> 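Before anything else, here's the structure in question.
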Amino acid sequence: MGKDTLSVTDNRTGQQFEIPIEDGSVRAMEFRQMKVDDDDFGLLTYDPAFTNTASCRSAVTYLDGEKGILRYRGYPIEQLAEKSNYLEVAYLLTHGELPTRAEYVKWEHDITIHTFIHENAKKFMEGFQYDAHPMGMLVSTVGALSTFYPEAKEIYDEEVRQLEIKRLIAKMPTLAAFAYRHSLGQPYVYPDNDLSFSGNLLNMLYKMSEAKYNPDPVLERALDVLFILHADHEQNCSANAMRAVGSSQVDPYSAIAAACAALYGPLHGGANEAVLRMLNEIGDVKEIPGFIKRVKDGEGLLFGFGHRVYKNFDPRALIIKKLAYQVFEVTGRNPLLDIALELERIALEDEYFIERKLYPNVDFYSGIIYQSMGFPVTMFPVLFAIPRTAGWVAMLDDAAQKIARPRQVYIGAEQRDFLSLAKRNSTGG
Ligand code: CMC
């Protein structure tokens with residue numbers, strides 16, 4: 001039986017080091033002892049996109065990209081998507097275990113009573129341009145909530161932290177819906193606490209003059225399943241933003257604003273918006289070969305394909321593809337589906353995509369479902385942020401977290417003397 005250590009020889013000095021291996025990882029700080037002389041700072045590890053660097057230890061989500069496995073707290077995503085609901089999953093993520101019946105009833109009640117936002121937050125929303133992007137509005141207003149709850153700064157107070165977790169999960173749909181209604185110039189609809197989490201969101205988005213909004217049960221469930229699938233995904237770009245910003249001990253509203261901002265980008269939560277725009281641009285199945293050629297020539301990306309971690313298939317994409325057909329039973333078939341299916345078929349047979357292990361990811365079909373449910377593309381990243389809030393806040397309690405402060409490999413100029421403007425040449429030197 002071998003030892004759980006790594007032997008390293010520094011060929012610059014001939015020195016040997018034995019580094020402990022713990023949970024399949026070595027501590028980067030172990031390399032600092034490797035120096036060419038006493039003045040040397042020590043060896044750094046260089047990993048600009050954290051492609052092989054664990055930034056934390058976590059018991060929340062397990063992901064095996066080669067095998068296409070995703071589990072929250074040990075439960076396979078397929079089982080949760082089939083048997084659970086978003087609120088229960090949010091409890092699981094934030095508490096570590098599934099709730100008992102009594103715990104669930106209390107949790108649902110506690111979330112529900114926090115769905116309203118302060119009237120001043122509503123006024124704040126009104127200040128945005130009529131055509132403001134709802135995700136931009138969400139980023140700003142969720143950050144602004146910290147000014148309504150100054151006690152949220154007490155991040156080590158367990159009671160306060162639990163309260164802010166509930167507030168955040170509960171208020172994100174309300175902020176999202178208000179942002180949507182604002183962009184349409186429609187009056188805001190207040191939460192209906194008789195409805196489910198996703199049913200209430202549909203109510204706040206779509207209710208008009210009817211006395212009571214009754215969500216379609218298929219669409220309500222489909223939205224809930226989409227929320228389960230998007231609830232967490234271990235250390236992705238926005239989770240990393242949440243951790244990095246939260247590590248400064250700022251309040252969770254400000255950290256979530258940073259996470260939302262990260263999610264806004266087209267390579268992350270903005271990808272389903274990009275997928276829809278791409279499908280619309282392609283416009284017709286017969287244009288697909290030309291489009292694929294342009295992607296292969298480096299003229300653009302096939303949005304909704306590829307993943308930093310999944311190199312075989314994205315288990316969420318399989319669930320979403322099935323869900324799409326259930327939604328279309330109610331809404332009618334989205335014509336973009338044919339383009340998506342053909343695009344997928346061609347890409348999966350193409351050497352370029354096979355070689356690079358590029359497969360449909362969660363965003364490839366989610367946009368088509370959202371569009372069929374009546375959401376404009378600008379709402380897609382917002383619909384991602386609502387459920388991901390549970391995953392973000394599940395990370396709030398990490399005793400090992402210190403302020404995130406990466407090192408850099410400096411490759412700039414050596415020390416040099418400042419020259420006055422009159423003495424500088426054309427390159428400034
Ligand atoms: N279309 C065409 N080529 C691609 C794509 C794509 N979607 N994704 C990666 N490649 C190519 C890339 O050009 C590179 O080629 P080469 O080796 O010739 O330079 C190779 O595949 C490896 O790609 P990479 O950029 O090094 O991979 P990454 O792990 O850094 O990026 C990714 C992962 C998700 C950012 C990327 O695949 C991508 O940009 N996909 C499109 C955007 C997208 O769908 N994002 C949603 C991700 S899932 C939801 C979420 O996490 O938010």
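All ligand and atom numbering here is 1-based and tracks the order in the structure. A quick note: this is a predicted structure, and the numbers were derived from the prediction, not measured.
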> Starting from atom 29 (O) of ligand 1, what is the nearest protein heavy atom, named by residue and atom, and what distance separates them?
Arg308 NE, 2.7 Å
> Between Phe364 and ligand 1, which residue portion shows a heavy-atom distance shorter than 4.0 Å: side chain, backbone, both, or neither?
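Neither; nothing of Phe364 gets under 4.0 Å from ligand 1.
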> Could you see which bit of Leu263 sits under 4.0 Å from ligand 1, with heavy atoms only: side chain, backbone, both or neither?
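The answer is neither; Leu263 stays 4.0 Å or more away.
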> Could you tell me whether Asp297 and Lys293 have a side-chain N and a carboxylate O separated by less than 4.0 Å?
yes
> Tell me, with the steps shown, if Tyr180 and Gln186 meet side chain to side chain donor-acceptor pair (under 3.5 Å).
CA-CA 9 Å; Tyr180 172 74; Gln186 290 178 356; 6.0 Å; no
> Heavy-atom pairs closer than 4.0 Å: do any link ligand 1 to the side chain of Leu301, the backbone, both, or neither?
both
> Within the 4.0 Å heavy-atom shell around Gly269, which atoms of ligand 1 are there?
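Within the 4.0 Å cut-off of Gly269, ligand 1 contributes 52 (O).
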> Considering distance alone, does some N or O of Phe305 sit under 3.5 Å from an N or O of ligand 1?
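Yes: some nitrogen or oxygen of Phe305 is under 3.5 Å from one in ligand 1.
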> Under 4.0 Å, heavy-atom basis, I'd like to know which part of Arg356 is in contact with ligand 1: side chain, backbone, both or neither.
side chain
> What part of Leu302 sits under 4.0 Å from ligand 1 if we count only heavy atoms: the side chain, the backbone, both or neither?
both
> Tell me the protein heavy atom at minimum distance from atom 51 (O) of ligand 1, and give that distance in Å.
His268 ND1, 3.4 Å
> Considering distance alone, does some N or O of Leu358 sit under 3.5 Å from an N or O of ligand 1?
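Not met; the criterion fails.
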> Side chains of Asn203 and Tyr190: donor-acceptor distance under 3.5 Å anywhere?
no
> Using a 4.0 Å heavy-atom cut-off, which part of Asp314 comes near ligand 1: side chain, backbone, both, or neither?
neither
> Does an N or O from Leu267, backbone or side chain, lie closer than 3.5 Å to an N or O of ligand 1?
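Min N/O separation from ligand 1 is below 3.5 Å for Leu267.
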